[in-house]
Structures are given as structure tokens and as C-alpha cells.
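Order of the sequence lines sets the chain letters (A, B, ...), proteins ahead of strands, with each chain counted from 1. It should be emphasised that the depicted structure is a prediction, and the values quoted were computed from it without experimental measurement. Side chains are part of it too, since the values below use all heavy atoms of this structure and drop only hydrogens, waters and symmetry mates.
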Amino acid sequence: MPCMSSLAHILSGVVAAAFEAEGLSTAFGVVRVSDRPDLAQFQCNGALAAAKSAGKNPREVAQAIVVRLKENQDFSRIEIAGPGFINLDITDETLSRYLSETAGDGRWGVPTIISGETIVLDYGGPNIAKPMHVGHLRASIIGDSLRRICLFAGYRTLGDVHLGDWGLPMGQILAELETRYPEWPYFDDAYRGPYPAESPVTMDDLEEIYPAASQACKLDEGRMERARLATRDLQNGRAGYRALWEHFINVSVAGMQANFRALGVHFDLWKGEASVHELIAPMIEDLREKGLARESDGALVVEVGEESDKKEFPPLILTKRDGAVMYGTTDLATIVERVRDYNPFRIIYVVDQRQFLHFEQVFRAARLGGIVSNPETLVHAGFGTMNGPDGKPFKTRVGGVMKLEDLITGGIDKALARLNEAELAADMDEKERQEVARKVAVAALKFADLQNNRLSDYIFDLDRMTSFEGKTGPYLLYQAVRIQSLLRKADLPEGGNSALRDPQKAGISLSSADRPLALLLAEFPDHFDAALRNYTPHILCDYAFRLAQEFSSFYGNCHILSEKNNDVRAGRLALCELTLGRLLLVLDLLGIEIPARM
RNA sequence: GACCCCGUAGCUCAAUGGAUAGAGCACCUGCCUUCUAAGCAGGGGGUUGCAGGUUCGAGUCCUGCCGGGGUCGCCA
């Protein structure tokens with residue numbers, strides 16, 4: 001029977017009952033890991049707040065609670081400190097029992113949400129015809145991590161790449177190609193035969209053509225006008241444009257998939273803005289009938305302002321003056337589609353925080369139009385901008401953006417160099433060495449990004465992102481690999497460690513050298529819960545690092561395999577297994593793969 | 001101009017309103033003939049931008065100011 005929560009949560013229940021018995025709210029009973037480990041393992045600060053609401057002396061309230069808690073055998077020490085903090089230590093038996101009971105089912109104390117609700121996650125958002133650059137890193141890996149976190153919590157998850165494949169850039173490229181190659185059959189309205197199966201452009205071509213087209217439109221209003229018309233004609237189904245556009249999609253998606261494969265980022269759906277094109281007309285019709293869509297300066301808009309707005313809120317534009325739709329329109333139609341197909345509990349958008357206003361417009365329109373009934377369905381989990389060392393949005397020295405592919409291969413090269421220095425790599429074949437280097441490099445990249453608070457901007461520093469020492473992904477891998485190696489040498493009996501398998505008999509014997517690690521292991525459900533509730537993978541990064549660090553300290557201070565006392569040896573091996581299990585899980589939740597050796 | 005976010009160690013970042021604000025990098029001192037040194041043990045480094053306020057208690061909440069970034073209808 002697995003424990004369904006963290007130790008602190010279980011202790012909260014005990015202390016809350018004491019508060020209730022004193023006629024006080026159970027909310028005061030919250031117990032958390034002490035922020036003063038030198039004073040206690042756990043603390044409850046509720047007596048202070050309770051005293052205030054009851055008009056009593058805090059220490060007297062605390063004293064009454066302590067008297068009741070003394071009856072509980074799980075506590076080894078209960079003390080009042082300062083103005084009324086209740087400091088708590090638990091017995092080693094209680095700690096050991098908790099760790100044993102939460103081992104073995106792979107959940108480490110995290111309860112499963114059994115509702116089976118669906119969460120759609122929208123992340124990545126790469127654009128057709130543009131190479132993926134470092135800016136796509138954040139959306140991809142934060143989104144993929146959140147998908148893994150939701151999945152582990154028990155939700156059904158659908159990660160959607162949501163390609164940028166339907167807007168003005170498509171028209172700009174079409175117009176540019178039509179200017180350069182007017183003889184192509186794609187531009188001949190009289191052409192009736194099948195269009196070529198082979199793409200006339202490669203990804204390299206597109207990488208040159210798109211910036212050229214974009215620049216031309218910026219400088220020349222005539223070119224921009226033709227790009228707008230091409231966009232509209234594409235959206236209206238002009239056959240030659242559609243055929244050429246499909247080639248763009250195919251060559252672009254092939255490039256993206258290579259990048260995502262290297263990163264280990266997974267998507268369940270490869271839809272894009274164009275996927276919902278057929279839903280737009282009926283959706284607009286419906287919004288018209290409801291009186292929500294109206295003409296404004298030639299455009300069709302939905303007013304989304306609210307009474308409480310501090311400043312005027314711009315309307316959502318459904319169709320522009322020229323009749324073409326905007327990305328807000330496709331985003332709204334995508335909600336229509338997702339609700340229809342998946343009836344999601346949540347739709348989480350992992351998109352740059354600078355698009356806050358856009359999503360607020362779309363979300364308000366969706367609520368007004370009755371597209372979603374629960375306002376909490378739609379969530380924008382925004383992230384901060386990736387800046388250069390100068391504090392401005394990141395650019396390479398030559399002024400362009402760094403391609404994601406170059407970032408990854410650069411990291412792999414550095415990892416290979418590090419591997420070659422170490423003697424361990426000598427007996428690896430070329431393929432294994434490459435794969436280990438890729439895992440190390442990707443771990444470095446992902447951890448360097450994910451450890452930052454999702455919402456705050458952060459400085460992109462190439463050297464730091466491909467650093468393997470200190471608070472880095474490779475450090476975590478290294479600790480996990482060391483534990484794996486140690487456990488292989490431990491020659492454990494079939495079915496695992498007796499200290500875990502038979503907790504009633506042996507238990508995990510603890511000492512001052514390993515107790516901090518044991519306590520930290522018991523914290524896992526709290527950190528998972530915080531990461532899930534707030535959509536913040538960095539919480540798990542921090543926990544994983546602390547766990548690895550605590551283990552490394554333990555490993556350095558205690559020689560495990562040569563331990564003479566069988567109970568102590570078994571207990572320490574059990575802690576190794578428990579640490580490895582959590583480390584592997586947390587790394588998996590972060591989307592980080594572990595090599596067998598490094 | 002209006003609105004939103006940010007300001008924490010030399011640098012990059014943490015810290016559900018709680019006790020003595022923590023890590024990593026960089027710098028300094030030790031430790032590889034015992035389980036992987038991508039490591040461990042230890043050290044120096046802070047008026048949390050400034051000024052008020054609320055609170056038993058503020059890096060955290062409120063007000064003002066200074067500094068930085070972002071957004072503000074026909075791009076995505």
C-alpha cells in the first residue's frame with residue numbers, strides 16, 4: 001500500500017488534527033520541511049497565525065498543540081522556538097517506514113490523478129521555411145517537460161507542435177518565388193496537369209529565400225501588397241500555391257524533426273495553423289450570429305474589453321481589410337477544434353511571455369463566444385526572453401540568430417572532447433561515444449535552460465550552456481551513473497534490497513551521515529506538486545540538483561560496499577536505490593536521458 | 001505617453017509572508033594505491049535599486065521614486 005503523499009503532508013494531517021481539537025482551523029496545521037535544518041527537521045508556523053485570529057498568546061497556543069502532539073509516537077522531538085514556531089523531528093523508524101512504503105511502485109509518494117482528463121500542450125511553434133534557432137529551445141523543452149509532468153500526474157496529454165504555416169510569411173515566399181521563377185507551373189493558372197512530386201526548393205533554399213522576401217516587403221510596399229494577395233489566395237485554395245506550399249511544409253518539417261529528435265523532444269500532434277482553415281468560416285458565422293463579431297475600419301473584430309481593464313483593450317481581429325485571417329483567428333479556431341476533438345481539461349500554451357496580450361485577447365474571445373465554458377481551461381504558460389550578454393534579445397556576433405542545430409552539434413563536440421580526455425571512453429565504439437556525447441550535451445542544454453524560472457528573462461551564454469561542471473545537467477547524469485555503477489558492483493540479491501523488500505524486519509538503519517539524504521528523498525512529492533501546479537520545471541531542476549549534491553556528499557563520506565555492518569550496508573544500498581529511482585524519474589520529467597557510463 | 005514584468009554576492013540565478021537570504025561560476029586552501037575527481041571538504045565575499053508604509057515577522061504585500069526590458073488593431 002503506497003503512501004499517497006510527502007512526509008510533510010502526512011505530518012500536516014497529524015498537526016491539523018491537534019489544531020482542530022483545540023477548536024482552531026485545520027489550515028493552521030500545515031507542516032513543512034524546516035528552513036533551519038540545524039534546529040529541526042520539520043516546522044509548523046500555524047500557531048502564530050492561529051493566535052492572532054483567536055486573540056491569544058502564540059506560545060500558549062503552540063504549547064497546547066505540543067501537548068497533544070506528544071501523544072504521537074512518530075515524533076522524536078517537539079519544541080517551541082522563538083515567537084511560537086513548532087519544531088518537529090521524527091523518529092528514524094517513521095522516516096524509514098515512509099521511504100520503504102513509497103518505494104517500489106515507481107511513484108515515490110506522488111498520488112495519481114485518476115480522472116483521466118486530457119491536457120493539450122501547445123509548444124515549439126516553429127515556422128515553416130525558417131531554420132530553428134536558439135529561441136525555439138525554450139518553448140520546446142519547457143513544453144516537453146510540462147507534458148511529461150502532466151503525464152506522470154495521471155493526465156492524458158497531447159503535445160501539439162502547432163506549426164506557423166498559414167500567415168503572411170507564406171505569401172511572402174510565394175510572391176518571392178513567383179518573381180524569381182514566373183515560368184514555374186505553380187504560377188500558371190492555366191496549368192492542369194499534376195504538379196511535380198519533387199520539391200523545387202530545399203530547406204537551404206528556403207533559409208535564403210525567406211529573409212530576402214521579408215526584406216523586400218519591408219522596403220517595397222508593392223512587394224508587400226503582392227505578398228498579402230498571395231497569402232489570401234493561398235488561404236482561399238489556389239491550387240498552384242497550395243501545391244508549392246505543401247513542398248515548403250515537407251522540407252521544413254523534415255528539418256524540424258531532425259532537431260527535435262536530437263533534443264529528445266516529443267510531439268503527439270503535428271498540426272498547424274492551416275489545419276483549422278475549414279473551421280474558420282463557420283466559427284466567424286457563429287460569432288456574427290451571437291452579435292460578437294462586427295465591422296471596424298474594414299476589418300472584422302471581436303471586442304474583448306472588460307470593465308476592470310486599466311486601459312483600453314484592443315479587439316481581436318478575425319479578418320483583415322483584405323479578407324485574410326490573422327493568427328488570432330487560427331488560434332481561436334484551434335480552440336474550437338481541440339474542444340471538439342479532445343474536450344480538454346486544460347489547453348496550455350507554452351509561448352513567449354511577450355504574447356501575453358495576444359493570448360488574453362484570444363482567451364476572452366473564446367469565453368465570450370462560448371467556445372470554452374470553464375475560464376480555467378485556457379492557460380498561457382509564458383516564458384521570458386532569451387537575451388544576449390548585453391541584456392538585449394540574443395544575437396550572434398555577426399548579428400543573426402544562432403541555429404539550434406549548431407548549438408547542439410557544438411555541445412556534442414565539446415562533450416566528445418571531454419569524453420576523450422577520460423579513460424572511460426577508450427573502450428567505447430564510435431557509435432556509443434557519439435550517443436553518450438549527445439546525451440551529455442543535451443542534458444547540459446536542457447538543464448541550463450530549465451533551471452531558470454519560466455517567466456523571467458535569462459542571459460544566453462554559450463559557454464555556460466555547454467558547461468559540464470557544477471550545477472549542470474551532466475553533473476546530475478554523473479551522479480546517476482555513479483549510483484548505477486555502484487549498484488552493479490553491490491551484487492544485490494534477486495528482487496532487490498532486503499532493507500526495502502522487507503521493511504518490517506530490517507528497515508533502513510540511519511545515521512547522521514545519511515539521514516539528510518533520507519529526509520530529502522521524502523520531500524519529492526512536494527516538489528512535484530509545486531512544479532505541476534505552477535507549470536514550473538525549474539522546481540524539479542532544483543530538487544534534482546540538491547538530491548544529487550546530497551548524494552555526492554553521502555557517497556564521499558561513507559564507503560558503502562566495504563561497510564562491515566550488514567544492516568548499515570543494506571540501509572545505505574537502499575538509499576542508493578531510492579536516490580537513483582527519484583533521480584531517474586526527475587530527469588525523465590525534465591526530458592533528460594541518461595547514458596550507461598560517462 | 002499608458003499599461004505589464006524585472007532589479008538579490010564580481011557574474012548567472014534560487015528563496016509557498018517566517019528564524020542566521022542560498023546555489024553554481026570565478027577566486028583561495030586541502031583531498032585521487034578504497035565504490036567514476038564531470039567529484040568531495042573548507043574559506044572569503046550582501047544595507048535584497050532608493051525612500052516610506054502594512055505586519056508579531058517583508059527579498060516577498062502596498063505607495064512613491066530611480067534604473068532596465070516588454071507590450072500597446074490589420075506581422076507571427
Side-chain angles (χ1 to χ4, degrees), chain A residues 30 32 34-36 38-39 43 45 48-49 51-52 58 81-85 87 125 127 164 166-169 172 214 217 228 273 296-301 309-317 319-322 324 326-328 330-331 351-358 361 382 384-385 387 389 391-393 415 418-419 421-424 440 444 448 451-453 455-459 461 463-464 467-472 474-475 477-479 481-483 485-490 526 530 533-534 538-539 541-542 545-546 549 552-553 555-563 576 597-598:
Chain A
V30 174
R32 41 174 247 197
S34 175
D35 53 12
R36 288 290 302 274
D38 54 319
L39 299 180
Q43 63 180 344
N45 301 339
L48 293 156
K52 188 176 183 180
F85 299 114
N87 283 337
N127 295 314
W166 207 229
L168 184 63
Q172 289 177 325
S214 174
C217 289
R228 288 203 191 95
E273 295 166 335
S296 173
D297 292 334
L300 187 69
V301 306
D309 292 336
K310 286 191 179 172
K311 64 168 294 195
E312 197 181 343
F313 212 90
L316 180 75
I317 296 180
T319 58
K320 302 190 286 186
R321 257 195 294 273
D322 65 7
M326 306 237 304
Y327 79 133
T330 54
D331 278 355
V351 182
D352 195 316
Q353 183 61 19
R354 286 175 296 186
Q355 296 197 37
F356 169 82
L357 186 62
H358 164 73
Q361 288 175 305
T385 313
N387 292 328
K392 291 176 182 156
R418 180 67 187 81
L419 267 181
E421 283 172 31
E423 290 163 22
L424 275 164
V440 169
Q451 71 168 305
N452 293 294
N453 184 321
L455 272 166
S456 54
D457 296 348
Y458 84 108
I459 309 277
D461 182 315
D463 289 337
R464 193 154 13 88
S467 163
F468 305 147
E469 275 131 48
K471 191 174 181 179
T472 64
Y475 174 86
L477 298 186
Y478 179 69
Q479 302 307 339
V481 164
R482 278 211 298 199
I483 302 174
S485 170
L486 188 150
L487 290 174
R488 271 197 300 271
K489 289 179 180 166
D526 289 329
R533 257 199 344 269
N534 303 310
H538 86 275
I539 300 278
C541 288
D542 197 58
F545 179 68
R546 287 206 294 137
Q549 220 176 17
S552 194
S553 178
Y555 180 90
N557 289 326
C558 308
H559 202 273
I560 297 158
L561 294 181
S562 64
E563 173 59 47
C576 289
R597 292 184 299 165
M598 63 182 282

**Message:** Once you apply a heavy-atom cut-off of 4.0 Å, does Leu487(A) come out as touching a base, just sugar-phosphate, or nothing?
**Reply:** nothing
**Item:** Short side-chain to backbone donor-acceptor contact, Asp457(A) and Thr385(A), under 3.5 Å
**Value:** yes
**Asked** Asn453(A) near the nucleic acid: base, sugar-phosphate alone, or nothing, with a heavy-atom cut-off under 4.0 Å?
**Response** sugar-phosphate
**Message:** Whether Gln549(A) contacts rG24(B) is assessed here as follows: a side-chain N or O lying under 4.0 Å from the phosphate OP1 or OP2. Is that the case?
**Reply:** yes
**Item:** Separation between NE2 of His538(A) and OH of Tyr458(A), rounded to the nearest 0.5 Å
**Value:** 14.0 Å
**Message:** Regarding Ser485(A), tell me which of base, sugar-phosphate or nothing describes its non-hydrogen contacts under 4.0 Å with the strands shown.
**Reply:** base
**Message:** Taking the nucleotide of RNA chain B with the nearest heavy atom to each, does Arg464(A) or Gln355(A) sit closer to the 5' end?
**Reply:** Arg464(A)
**Prompt:** Does Tyr478(A) place a side-chain N or O at less than 4.0 Å from the phosphate oxygens OP1/OP2 of rA38(B)?
**Reply:** yes
**Item:** Pairwise C1' distance for rC62(B) and rU55(B), with rounding to whole Å
**Value:** 12 Å
**Request:** Measure the distance from NZ on Lys320(A) to C1' on rC74(B) and round it to the nearest whole Å.
**Result:** 6 Å
**Asked** Atom CG of Leu357(A) and atom C1' of rC4(B): how far apart are they, to the nearest Å?
**Response** 10 Å
**Request:** Side chain of Pro314(A) only, please: which of rG73(B), rC40(B), rA76(B) is the nearest?
**Result:** rG73(B)
**Asked** At under 4.0 Å between heavy atoms, what does Val30(A) touch on the DNA or RNA strands: base, sugar-phosphate, or nothing?
**Response** nothing
**Request:** Could you tell me whether the phosphate oxygens of rG57(B), OP1 or OP2, come under 4.0 Å of any side-chain nitrogen or oxygen in Lys52(A)?
**Result:** no
**Message:** Are there over 12 heavy-atom neighbours, none belonging to Phe356(A), within less than 6.0 Å of that residue's CZ?
**Reply:** no
**Fill in**
Regarding the side chain of Tyr555(A), the nearest nucleotide among rA14(B), rC13(B), rC35(B) is rC35(B)
**Message:** So Cys558(A), base contact, sugar-phosphate only, or nothing? Heavy-atom distance under 4.0 Å.
**Reply:** base
**Request:** Respond yes when some side-chain nitrogen or oxygen of Arg418(A) is under 4.0 Å from OP1 or OP2 of rA38(B), and no when none is.
**Result:** yes
**Prompt:** Which nucleotide, rC13(B), rC40(B), rA76(B), lies nearest any side-chain atom of Tyr327(A)?
**Reply:** rA76(B)
**Message:** Checking understanding here: a glycosidic angle within 90° of 0 is syn, the rest anti, so what is rC62(B)?
**Reply:** anti
**Request:** Assign Phe313(A) to base, sugar-phosphate, or nothing according to its heavy-atom contacts below 4.0 angstrom with the strands shown.
**Result:** nothing
**salt bridge (charged side-chain N to carboxylate O under 4.0 Å, His left out) against Lys471(A), all qualifying residues, sequence neighbours excluded** = Asp542(A)
**Asked** Does rA15(B) pair with anything, Watson-Crick or G-U wobble, both distances under 3.5 Å, and if so, with which nucleotide?
**Response** none
**Request:** Could you please name the partner base of rC32(B), counting Watson-Crick and G-U wobble pairs only when both distances are under 3.5 Å?
**Result:** none
**Request:** With the side chain of His559(A) defined as its heavy atoms from C-beta on, choose the nearest nucleotide among rA19(B), rG39(B), rC35(B).
**Result:** rC35(B)
**Side chain of Leu48(A) - closest among rC56(B), rC13(B), rU36(B)** = rC56(B)
**Prompt:** Roughly how far apart are Lys320(A) NZ and Met326(A) CE, rounded to 0.5 Å?
**Reply:** 7.0 Å
**Request:** Determine: side-chain N/O of Ser467(A) to OP1/OP2 of rA38(B), distance under 4.0 Å, yes or no.
**Result:** no
**Prompt:** When you check the phosphate oxygens OP1 and OP2 of rC40(B), does a side-chain N or O of Ser553(A) lie under 4.0 Å from one of them?
**Reply:** no
**Asked** Are any of Arg482(A)'s side-chain N or O atoms less than 4.0 Å away from OP1 or OP2 of rA37(B)?
**Response** yes
**Message:** Looking only at the side chains, is there a donor atom on one of Arg482(A) and Ser552(A) sitting less than 3.5 Å from an acceptor on the other?
**Reply:** yes
**Prompt:** Base, sugar-phosphate, or nothing: which does Asp309(A) touch, judged by heavy atoms less than 4.0 Å apart?
**Reply:** nothing
**Prompt:** So what does Asn45(A) touch, heavy atoms closer than 4.0 Å: a base, only the sugar-phosphate, or nothing?
**Reply:** base
**Prompt:** With a 4.0 Å cut-off on heavy atoms, is Leu39(A) in touch with a base, just the backbone sugar-phosphate, or nothing at all?
**Reply:** base
**Message:** Could you tell me how far apart Lys311(A) (NZ) and rC72(B) (C1') are, to the nearest whole angstrom?
**Reply:** 4 Å
**Request:** Determine if Phe85(A) stacks with rA19(B); use a centre-to-centre distance below 5.5 Å and an interplanar angle below 30° as the criteria.
**Result:** yes
**Prompt:** Hey, is the side chain of Ser296(A) pairing donor to acceptor with the base of rG73(B) inside 3.5 Å?
**Reply:** yes
**Request:** May I ask you to verify if any side-chain N or O of Lys310(A) is less than 4.0 angstrom from the OP1 or OP2 atom of rC4(B)?
**Result:** yes
**Asked** Looking across every strand, which nucleic acid part, if any, lies under 4.0 Å from Arg546(A) by heavy atom: base, sugar-phosphate, or nothing?
**Response** nothing
**Asked** Within 45° of the ring axis of Phe468(A) and under 6.0 Å from its six-membered ring centre, is that where the NZ or CZ of Arg418(A) lies?
**Response** no
**Message:** Donor-acceptor pair, distance only, cut-off 3.5 Å: does the side chain of Asp309(A) make one with the backbone of Lys311(A)?
**Reply:** no
**Message:** Output the rounded distance in Å from CG (Leu455(A)) to P (rA14(B)).
**Reply:** 10 Å
**Request:** Taking atom C1' in both rG45(B) and rG24(B), compute the distance separating them and give it to the nearest angstrom.
**Result:** 15 Å
**Prompt:** How close or far is atom P of rU36(B) from atom CG of Leu561(A), stated in whole angstroms?
**Reply:** 8 Å
**Request:** Take the protein atom CG of Asp352(A) and the nucleotide atom P of rG70(B), then report the distance between them rounded to whole Å.
**Result:** 11 Å
**Message:** On RNA chain B, does the nearest nucleotide to Ala81(A) precede the nearest nucleotide to Gly164(A) from the 5' side, or the other way round? Give the residue.
**Reply:** Ala81(A)
**Message:** Which nucleotide wins on minimum distance to the side chain of Lys471(A), given the candidates rG24(B), rA38(B), rC13(B)?
**Reply:** rG24(B)
**Asked** Using the P atom in both, what is the distance from rA19(B) to rC32(B), to the nearest Å?
**Response** 40 Å
**Request:** Can you tell me the distance, in whole Å, between the CZ atom of Phe356(A) and the P atom of rC6(B)?
**Result:** 12 Å
**Asked** Side-chain N or O of Arg354(A) less than 4.0 angstrom from OP1 or OP2 on rC5(B)?
**Response** no
**Evaluation steps, side chain to side chain donor-acceptor pair (under 3.5 Å), between Arg546(A) and Gln549(A)** = CA-CA 5 Å; Arg546(A) 287 206 294 137; Gln549(A) 220 176 17; over 6 Å; no
**Prompt:** What is the nucleic acid contact for Asp35(A), judged by heavy atoms within less than 4.0 Å: base, sugar-phosphate only, or nothing?
**Reply:** base
**Request:** Give His358(A) one of three labels, base, sugar-phosphate or nothing, depending on what nucleic acid heavy atoms sit under 4.0 Å from its own.
**Result:** nothing
**Asked** For rC3(B), which nucleotide is its Watson-Crick or G-U wobble mate, given both distances must be under 3.5 Å?
**Response** rG70(B)
**Asked** Checking all strands, does Gly167(A) fall into the base, sugar-phosphate, or nothing category for heavy-atom contacts under 4.0 angstrom?
**Response** sugar-phosphate
**Message:** When you measure only distances, ignoring hydrogens and angles, does the side chain of Arg597(A) come within 3.5 Å of the base of rU36(B) through a donor and an acceptor?
**Reply:** no
**Prompt:** Is any side-chain N or O of Tyr475(A) closer than 4.0 Å to OP1 or OP2 of rC40(B)?
**Reply:** yes
**Touch class at under 4.0 angstrom, heavy-atom based, for Gln43(A) against every strand present** = base
**Message:** Would you say that Ser467(A) contacts Asp461(A) through its side chain, given a criterion of any heavy-atom pair below 4.5 Å between the two side chains?
**Reply:** no
**Request:** Rounded off to whole Å, could you give me the CD1-to-C1' distance for the Ile317(A) and rA76(B) pair?
**Result:** 13 Å
